[in-house]
Amino acid sequence: MKRRIESEMIHGGSKQHDYNGSLTTPIFQTSTFAFSTAEQGEKRFAGAEDGFIYSRLGNPTVRMLEERIAVLEQGEKGLAFASGMAAVSAVLTSLTKAGDHILCSKGVYGCTYGLLQWLKEKYSITHSFSALSSEDRLEETIAEKTPSCIFIETPINPTMTVLDLEMIARVAHSSGIPVVVDNTFCSPYLQQPLTLGCDIVLHSATKYISGHGDVVAGLVVGKDSYISVLAKQEQKDSGGILAPFDAWLLLRGLKTLHIRMDRHTSNATWMAEKLLQHPKVDRVFYPGNLTGSEGEIVEKQMRQAGGVLSFDVKGTKQTAQQMMNHLKMIKIAVSLGDAETLIQHPATMTHAVIPEHDRVKMGISDTMVRLSVGLESKEDIWADIVQALDRM
């Protein structure tokens with residue numbers, strides 16, 4: 001019987017694991033695994049027998065997390081990494097070689113931008129940014145750039161621009177180009193890029209999948225043929241593995257992901273409407289507010305609009321920072337997806353590494369702040385924002 005995603009968040013994964021009847025997956029806090037015979041060790045190293053060898057090559061707790069995220073994203077296989085950026089770097093280096101080109105969405109996370117610059121400087125792997133907003137323009141860009149892969153954020157951090165994943169995948173595949181989607185802002189509960197034709201989906205599991213601000217991790221999902229190669233090469237040899245205890249924490253977080261995302265979204269939707277009406281707010285960026293073709297994309301590929309929004313305050317960079325400094329309950333921090341409401345200033349924090357002229361092209365102004373709306377009472381969140389805006 002096919003189960004809905006809410007049930008799979010709790011039960012998804014292989015049923016071959018018994019673990020002596022333990023209701024929750026045990027933490028296999030071990031670096032290595034003993035073989036019953038020398039011949040068994042030989043078989044496992046040769047790939048002739050399934051089983052665990054060494055925790056850098058696989059661990060039962062981590063394996064269960066990888067199986068569950070694969071089920072949730074409707075992919076064939078998952079892979080866990082020590083951080084979201086470990087996942088991004090592993091995927092991009094696996095898809096490229098020296099001299100290749102990466103086509104990116106118009107905006108990307110600051111550390112992803114830094115990685116792209118590093119790849120360019122060390123290996124001449126170039127990159128370019130495109131709005132990716134129309135089929136004709138995308139076809140022209142592909143013809144001009146001949147990219148090895150297309151890397152997308154949607155919604156884009158922090159402008160919350162949404163991209164049509166189905167259209168991009170269709171155009172890319174006509175030229176044999178794989179599409180990679182950073183799905184961190186949505187989680188598999190709100191958006192499933194693989195079902196829309198994309199090839200690889202990744203997450204900073206630090207965010208919504210954890211949900212409690214106590215884990216740093218990354219996850220990748222795709223076809224078995226791709227993920228198996230990624231595990232043998234980029235993960236095994238680079239060594240950016242996830243610890244068993246962190247995997248256990250993520251399995252725990254996944255059990256309540258759907259409940260948390262519903263609350264994050266309802267709070268954020270309400271907050272966006274209130275911010276639009278405040279006289280000291282210039283613009284609000286939130287997928288739930290989009291209309292026209294962008295609104296149609298949101299309705300087509302997202303279950304809900306998500307828990308993150310950005311807004312421009314009227315004034316200067318100093319005005320925005322002053323407002324943040326007046327907050328009492330809301331914390332100034334650069335993560336998102338936690339139970340606590342968090343606020344940050346992209347131009348000087350998460351996207352500070354991006355040169356100003358590129359930030360402007362991405363739509364990131366000095367007066368923009370990004371709000372990860374938490375699980376507190378929406379009235380209390382709003383009251384804190386109002387008193388801070390009123391003191392600007």
Residues [X], [Y]: salt bridge by 4.0 Å N-O rule:
{"X": "Arg68", "Y": "Glu8", "value": "no"}
{"X": "Arg137", "Y": "Glu144", "value": "yes"}
{"X": "Lys232", "Y": "Asp237", "value": "no"}
{"X": "Glu135", "Y": "Arg170", "value": "yes"}
{"X": "Glu49", "Y": "Arg44", "value": "yes"}
{"X": "Glu273", "Y": "Lys378", "value": "no"}
{"X": "Lys314", "Y": "Asp282", "value": "no"}

Give the cluster check for [X] versus [Y]: same hydrophobic cluster or not, with ILVMFWY residues linked at side-chain heavy-atom distances below 4.5 Å.
{"X": "Val91", "Y": "Ile227", "value": "yes"}
{"X": "Ile385", "Y": "Tyr286", "value": "yes"}
{"X": "Leu336", "Y": "Ile381", "value": "no"}
{"X": "Val216", "Y": "Leu242", "value": "no"}
{"X": "Leu72", "Y": "Val221", "value": "yes"}

**Request:** Decide yes or no on side-chain hydrogen bond (donor to acceptor under 3.5 Å, both in side chains) for Ser148 and His101, but give the supporting numbers first.
**Result:** CA-CA 6 Å; Ser148 295; His101 185 81; over 6 Å; no
Nearest heavy atoms of [X] and [Y], plus distance in Å:
{"X": "Thr265", "Y": "Leu190", "answer": "OG1-CD1, 4.2 Å"}
{"X": "Ile156", "Y": "Ser105", "answer": "CD1-CB, 4.1 Å"}
{"X": "Ala131", "Y": "Leu163", "answer": "O-CD2, 3.2 Å"}
{"X": "His173", "Y": "Gly197", "answer": "CE1-O, 2.7 Å"}
{"X": "His351", "Y": "Asn157", "answer": "NE2-O, 3.1 Å"}
{"X": "Glu166", "Y": "Gln301", "answer": "N-OE1, 4.5 Å"}

**Request:** Please say which of Phe35, Phe45, Phe33 ends up in a ring pair (Phe, Tyr, Trp, His ring centres under 6.0 Å) with Phe52.
**Result:** Phe33
Tell me if a side-chain donor or acceptor on [X] pairs with a main-chain N or O of [Y] at a distance below 3.5 Å.
{"X": "Ser266", "Y": "Arg263", "result": "yes"}
{"X": "Glu66", "Y": "Ala80", "result": "yes"}
{"X": "Ser210", "Y": "Lys207", "result": "no"}
{"X": "Thr61", "Y": "Pro26", "result": "yes"}
{"X": "Arg370", "Y": "Val334", "result": "yes"}
{"X": "Arg359", "Y": "Ile354", "result": "yes"}

**Asked** Is it true that Phe28 and Tyr19 have ring centroids separated by less than 6.0 Å?
**Response**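 Ring centres of Tyr19 and Phe28 closer than 6.0 Å.
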From [atom1] ([X]) to [atom2] ([Y]), nearest 0.5 Å:
{"X": "Ser128", "Y": "Ile102", "atom1": "OG", "atom2": "CD1", "answer": "9.5 Å"}
{"X": "Asp384", "Y": "Met329", "atom1": "CG", "atom2": "CE", "answer": "5.5 Å"}
{"X": "Met167", "Y": "Ser134", "atom1": "CE", "atom2": "OG", "answer": "6.5 Å"}
{"X": "Asn325", "Y": "Ile332", "atom1": "CG", "atom2": "CD1", "answer": "5.0 Å"}

Enclosure of [X] [atom1] (heavy-atom neighbours >12, cutoff 6.0 Å):
{"X": "Glu356", "atom1": "CD", "answer": "no"}
{"X": "Glu299", "atom1": "CD", "answer": "no"}
{"X": "Lys43", "atom1": "NZ", "answer": "no"}
{"X": "Lys317", "atom1": "NZ", "answer": "no"}
{"X": "Lys300", "atom1": "NZ", "answer": "yes"}

If you define the side chain from C-beta out and look only at heavy atoms, does anything of [X] sit under 4.5 Å from [Y]?
{"X": "Leu202", "Y": "Val180", "answer": "yes"}
{"X": "Pro178", "Y": "Leu95", "answer": "yes"}
{"X": "Thr195", "Y": "Glu73", "answer": "no"}
{"X": "Met85", "Y": "Tyr109", "answer": "yes"}
{"X": "Leu219", "Y": "Leu79", "answer": "no"}
{"X": "Leu92", "Y": "Leu115", "answer": "yes"}
{"X": "Val308", "Y": "Met160", "answer": "yes"}
{"X": "Lys97", "Y": "Asp100", "answer": "yes"}

**Item:** Check against side chain to side chain contact (heavy atoms under 4.5 Å, CB included), Leu165 and Thr154
**Value:** CA-CA 8 Å; Leu165 294 177; Thr154 182; 3.6 Å; yes
**Message:** Between Phe81 and Ile241, does the side chain to side chain contact (heavy atoms under 4.5 Å, CB included) criterion hold? Intermediate values first, please.
**Reply:** CA-CA 5 Å; Phe81 290 86; Ile241 62 165; over 6 Å; no
Quick one about [Y] and [X] (side-chain donor to acceptor, distance below 3.5 Å, no hydrogens or angles considered), yes or no?
{"X": "Gln40", "Y": "Ser36", "result": "yes"}
{"X": "His203", "Y": "Thr184", "result": "no"}
{"X": "Tyr208", "Y": "Asp338", "result": "no"}
{"X": "Asp366", "Y": "Gln318", "result": "no"}
{"X": "Gln117", "Y": "His127", "result": "yes"}
{"X": "Thr319", "Y": "Thr316", "result": "yes"}
{"X": "Ser55", "Y": "Asn59", "result": "yes"}
{"X": "Gln233", "Y": "Ser94", "result": "no"}

**Prompt:** Would Thr341 and Glu376 count as a side-chain hydrogen bond (donor to acceptor under 3.5 Å, both in side chains) if you check the C-alpha gap in whole Å, the side-chain angles of each, and the deciding distance to 0.1 Å?
**Reply:** CA-CA 7 Å; Thr341 297; Glu376 305 98 336; 2.6 Å; yes
**Request:** For the pair Trp248 and Phe245, name the ring-plane relationship: parallel under 30°, tilted 30 to 60°, perpendicular over 60°.
**Result:**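 Answer is parallel, since the angle falls under 30°.
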**Message:** As a quick check of understanding, evaluate side chain to side chain contact (heavy atoms under 4.5 Å, CB included) for Ile142 and Ile150, giving each step before the final call.
**Reply:** CA-CA 9 Å; Ile142 288 174; Ile150 297 177; 4.3 Å; yes
**side chain to side chain contact (heavy atoms under 4.5 Å, CB included) between Asp246 and Leu250, worked out** = CA-CA 6 Å; Asp246 290 339; Leu250 293 177; 5.6 Å; no
